[in-house]
Amino acid sequence: MGNYAKTESTHYLQVALPTPLRRVFDYLPPKSGIDALSPGIRLKVPFGPRKLIGILIAITTKTDIPPCSLKHAEHVLDEQPIIPRDLLDLCRWVAHYYHHSLGETLSTAIPVALRQGKPVAQQTRKLWRLTYPAAEVPSNIARNAKLQLAAWQLLKQHLKGLHEPMLKSLGVSSQTLSALEKKGEVECILEELPTLHTMPQSILHEAPLTLNPEQAHVVQQIRQAAQQFQTFLLQGITGSGKTEVYLQLIEHTLKAGRQALVLIPEIGLTPQTLHRFEQRFAVPIVVIHSGLNDSERFLAWQKAIDYRAGIIIGTRSAVFTPLAKPGLIIIDEEHDASYKQQDSLRYSARDIAIYRARQTNIPIVLGSATPSLETIHNAKAHRYRHLRLNQRAGMAKPPSIELLNIRGETLQAGLSSALQQKITQHLEKDQQVLIFINRRGYAPTLLCHECGWAADCPDCDAHLTIHRQPAHLHCHHCDYQQPIPERCGRCNTASLFPVGAGTERIEDFLIGQFDPTPVIRIDRDSTRGKSRLQQLFKDIHQGEPAILVGTQMLAKGHHFPKVTLVAILDADSGLFSSDFRGLERLGQLITQVAGRAGRGTLAGEVVIQTHHPESPILNSLVTEGYDTFANTLLAEREKLGLPPYGYIGLFRVECKKHEEGEQLLLQLRELINQFLQHNNLNGPLGVTLLGPLPAPMEKRQNWYRWQMLVSSPARQPLHTAIAFAVHQLEGGNQMLVKLARKLRWSVDIDPQDMM
DNA sequence: AGCACGCCGACT
DNA sequence: GTCGGCGTGCTC
């Protein structure tokens, strides 16, 4: 390509920049020329008055901008693309699908270090060895320099050298080493980290478990698709051995010289999962979670892309990790809400993962005991292969589930007397009891008995939650805190009292009621600090009789073999949730916590307190199980045209002045409706608008929140309408742009909830 | 989103 | 006199 010099001026660089603007920007090639520029490299470019680091998307010969107003790219940061082709393509699709800026999408996808322009260094490890093996201690090491002498002696016994981490663990500090290096006695060699190509070791540390026939069948079915795209729904009841299936699938993937990407929910069981993986596999495993700092994240990313790790385990954002040799994707607990990002780029890691699997032509496994309705629907439509694990290892029978009528009952800290009796029975048999309540703190409301005033958050439409440890009022929506007042804020009488019960209050009550049985509370407050949660789990596993009280955290993942009674205190909040997914969530929760009851050899019992024991849907769940329950919900969703039968997007607006959000959405609605009419997309088979409506919690953190729902029985018209609307908001319509400037707006495709 | 520019009010 | 409030415009 020697004739670039001639045509140089007709080439333009399309660059994605970290700005919310949904377009790419064209630049002239840098002064250094266009050679060695390929999509995926980083460029430093002038952007208005500042300099930004962008990603080169494409090199074109056309531009919509008058070429005289184009600027030159200033700097080329990479020789090789740091964003591989398929990740770039993935991000383009994501940006397009979620109507988000490509530059910001790329920023979400890559480690912070990269978007800040840090150089990509070859990953190395340091090998230290003696410069020359002398028989005697060299004279330039002082006789009293004990540490240096020890280090020298050590290295003399290992003339091939020792790696720095090894030396550290043997008590040799880097100061000692650099002191010796200065004296010319030792030298440091930078070795490239080995890739899996050159790693001679075997893949496994320990032998795999023997699979039961069901598991074996599942493994075999998925292996048959080993080299091509196929989505599997692995629906396995709690305790049916899904993880072992994952492990064996990964083993086959590794043996084929490929990598596995495993996504787990956010509050996930990272330490346990990781432990099990590390026990099994001898290949390097990389874990990506919110606890990592920037450089650790960057390291993990590099290991994945350089084929230095065989298994990549991570939460939501790990779905963007590029793989050198992709072979398998696993989404554990695929129904979990934490796979959906709830701000900025509102993506679903599960859905992106499926797209990725298709793009790279590899199988993907969605595992869950309680699959989402979307996934069940796709399985029924034969877009996914539906595989099941119905056998519970070493378990006689599934737990019995009872809907306990609490209508007219006087509750003590949220517990009915019937439930208290059951607790006594189980404790007398030396067993453990698990109480589930999705509300932390002492009580959700501080109420005045005299005038009905309640302590509210000044910044949100919400009551303040009473906490006792330490004592204060706390808003769970914006983190506002204040001391507990002694007198009513309205009538000034001293008759304030807590209404309702959260985990702290229930803990208090149980301690008094079932003394001396220990009560272990597990919620976000009781598990602050690094190893608190692990310690509490350890206590539970001692197996002594105990009552566990907790939130969501208790519903996920962990096995408690001695728990035989599980109680759900506030099922009704799920029954009457303002959100259309409320019931689905409740069903998943009940099924998941029921899976916690009676593992091992002991029979389990589940009690669900409700004011509506006759509720047909709850009864169908209890007597016929999750599948039937899900079918009922699916039928309802179909009637209402809700997902998975209809596709929805949500415009969200936050504003400081109450009416401004509504105004913007009203204007937007007018424009969209005109557009729909012009394009024959109105009517029930086209696109329908609902709203603007205030969000379920209208004010939050001093922002008023409005939303407008856009829905359609087909994906394409929905997409078209939203693309049009976004374009208008972003500059197409002057009036709208003017309104939009005063507030914050965003689009949420496939919203999880309307909160 | 940033950032600059520009035009009005209350300060050492 | 000027420091700084935020409305407006622009980013290849």
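Chain identifiers are assigned alphabetically (A, B, ...) following the order of the sequence lines, protein sequences preceding nucleic acid strands; residue numbering begins at 1 within each chain. These numbers come from the heavy atoms of this one structure, side chains and all, not from hydrogens, waters or symmetry mates.
Nucleic acid contact class of A/L70 (heavy atoms, under 4.0 Å, all strands): sugar-phosphate only. Counting any heavy atom pair closer than 4.0 Å across all strands shown, A/L17 reaches no nucleic acid atom. Residue contacts for A/F47: at a heavy-atom cut-off of 4.0 Å it reaches a base atom on one of the strands shown. Across all strands shown, A/P46 has heavy atoms under 4.0 Å from sugar-phosphate atoms exclusively, and none from any base.
Taking every nucleotide of DNA chain C with any atom under 4.0 Å from a non-hydrogen atom of chain A, the first and last of them, 5' to 3', are C/dT8 to C/dC12. Protein chain A touches strand DNA chain B; the 5'-most and 3'-most nucleotides with an atom under 4.0 angstrom of its non-hydrogen atoms are B/dA1 to B/dA4.
If you run side-chain hydrogen bond (donor to acceptor under 3.5 Å, both in side chains) between A/H476 and each of A/R439, A/H467, A/R524, A/H463, only A/H467 comes through.
Side chains of A/Q14 and A/Y12: a donor-acceptor N/O pair is absent below 3.5 angstrom, by distance only. No side-chain N or O of A/T108 forms a donor-acceptor pair with one of A/T105 less than 3.5 Å apart.
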Side-chain donor/acceptor pairs under 3.5 Å, residues 47-61 of chain A, sequence neighbours excluded:
residue	atom	partner	partner atom	Å
A/K51	NZ	A/E74	OE2	3.2
A/T60	OG1	A/K62	O	3.0

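Closest of all the heavy-atom pairs between A/L464 and A/C457 is CG-N, 3.6 Å.
Taking the six-membered ring for Trp, A/Y347 and A/F320 have ring centres closer than 6.0 Å.
Between A/H719 and A/H99, the ring-plane angle classifies as tilted under the 30° and 60° cut-offs.
Under a cutoff of 6.0 Å and an axis angle of 45°, A/R744 and A/W703 form a cation-pi pair.
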